[in-house]
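In what follows, every heavy atom counts, from backbone to side chain, and hydrogens, waters and symmetry copies are set aside.
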Amino acid sequence: MTALACLCTCPDAAVAARIAEALVDERLAACVNVLPAVGSVYRWDGRVERAEEVLLVIKTVRARLEALTTRVLELHPYELPEVIAVDIAGGLPAYLAWIADATRPGADA
């Protein structure tokens with residue numbers, strides 16, 4: 001099973017915590033790291049914008065990505081939230097197995 005690291009920026013700590021807890025509680029993610037005070041510069045509606053955001057680093061598996069993305073869209077206040085998935089090419093085998101176990105619906109990980 002392919003492990004993924006997904007990135008998602010949030011407008012504040014409260015939104016980030018709500019999304020992180022929901023994803024782990026619903027077994028869509030094994031773990032979510034919450035990194036505060038991420039400075040973002042981006043183009044939106046023809047203007048360059050700057051914002052301080054909170055970054056989520058979400059560990060999941062490819063089989064759960066579609067459901068995870070759908071849930072982020074339901075919970076996120078942004079019109080177009082960032083959901084970027086990157087394959088985890090390697091890592092500690094036991095940790096990668098834990099990601100798979102923790103995201104298996106009905107599992108006791």
Side-chain angles (χ1 to χ4, degrees):
M1 187 164 290
T2 303
L4 303 174
C6 299
L7 305 177
C8 177
T9 50
C10 299
D12 57 47
V15 169
R18 187 176 78 244
I19 292 172
E21 289 179 27
L23 295 178
V24 172
D25 185 56
E26 297 169 22
R27 295 190 177 279
L28 298 172
C31 173
V32 180
N33 301 114
V34 181
L35 292 86
V38 173
S40 296
V41 179
Y42 56 95
R43 183 172 302 281
W44 187 254
D45 288 335
R47 295 187 316 269
V48 175
E49 301 284 344
R50 289 166 185 77
E52 190 165 294
E53 298 179 294
V54 177
L55 177 64
L56 302 179
V57 180
I58 306 161
K59 273 72 81 181
T60 192
V61 292
R62 181 166 306 284
R64 302 295 276 157
L65 181 59
E66 184 176 341
L68 182 148
T69 301
T70 298
R71 193 65 173 122
V72 168
L73 288 170
E74 292 169 354
L75 295 170
H76 209 291
Y78 286 172
E79 179 183 342
L80 182 62
E82 173 185 13
V83 180
I84 298 172
V86 179
D87 287 340
I88 297 174
L92 183 66
Y95 185 82
L96 299 177
W98 171 76
I99 293 173
D101 289 343
T103 55
R104 188 176 315 115
D108 187 27

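- Within the structure, salt bridge (Lys or Arg N to Asp or Glu O under 4.0 Å) pairs that include any residue of residues 90-99 do not occur (at least two apart or interchain).
- A heavy-atom distance below 4.5 Å is not found between the side chains of C6 and V86.
- Annotation: side-chain hydrogen bond (donor to acceptor under 3.5 Å, both in side chains) contacts of E52 (sequence neighbours excluded): none.
- A distance of 9.5 Å separates CG in L4 from OG1 in T103, rounded to the nearest 0.5 Å.
- Residues L73 and P81 have side chains in contact (heavy-atom distance under 4.5 Å, counting atoms from C-beta outward).
- Residue pairs that meet the ring pair (Phe, Tyr, Trp, His ring centres under 6.0 Å) test with at least one member in residues 38-73, sequence neighbours left out, do not exist here.
- R43 pairs by the side-chain contact (heavy atoms from CB on, under 4.5 Å) definition with V48, not counting sequence neighbours.
- Every residue two or more places apart in sequence or in another chain that forms a side-chain contact (heavy atoms from CB on, under 4.5 Å) with T70 is listed here: E74.
- L75 and A22 make their closest contact through CD1-CB, 3.6 Å (heavy atoms, listed as atom of the first residue, atom of the second, distance).
- In this structure, the side-chain hydrogen bond (donor to acceptor under 3.5 Å, both in side chains) partners of R47, at least two apart in sequence or on a different chain, are E49.
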Using residues 55-62 as the side-chain source, report each donor-acceptor pair under 3.5 Å to any protein atom, sequence neighbours left out, with the distance given to one decimal.
unit_1, atom_1, unit_2, atom_2, d
K59, NZ, N33, OD1, 2.1
T60, OG1, L28, O, 2.6
R62, NH2, D87, OD1, 2.3
R62, NH2, D87, OD2, 3.3

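- Applying the salt bridge (Lys or Arg N to Asp or Glu O under 4.0 Å) test to residues at least two apart or on different chains, none of the pairs has a partner in residues 4-24.
- The two atoms that bring C10 and I19 nearest to each other are SG-CD1, 4.0 Å, heavy atoms only.
- Looking at heavy atoms from C-beta onward, V34 lies in side-chain contact with V54 at the 4.5 angstrom threshold.
- Going from atom CG of L23 over to atom SG of C8 covers 8.0 Å, rounded to the nearest 0.5 Å.
- Note on V38 and V41: separate hydrophobic clusters, where clusters join Ile, Leu, Val, Met, Phe, Trp and Tyr whose side-chain heavy atoms are under 4.5 Å apart, directly or indirectly.
- For P93, there are no side-chain contact (heavy atoms from CB on, under 4.5 Å) partners, not counting sequence neighbours.
- Listed for the R64 side chain is a donor-acceptor partner under 3.5 Å among the backbone atoms of R27.
- Here the side chains of V32 and V24 are in contact, with some heavy-atom distance below 4.5 Å.
- Closest approach of C31 to Y95, counting heavy atoms only: CB-OH, 4.3 Å.
- Side-chain contact between L68 and V72: present, with at least one pair of heavy atoms (C-beta onward) separated by less than 4.5 Å.
- For residues 51-83, the ring pair (Phe, Tyr, Trp, His ring centres under 6.0 Å) pairs, not counting sequence neighbours, are H76-Y78.
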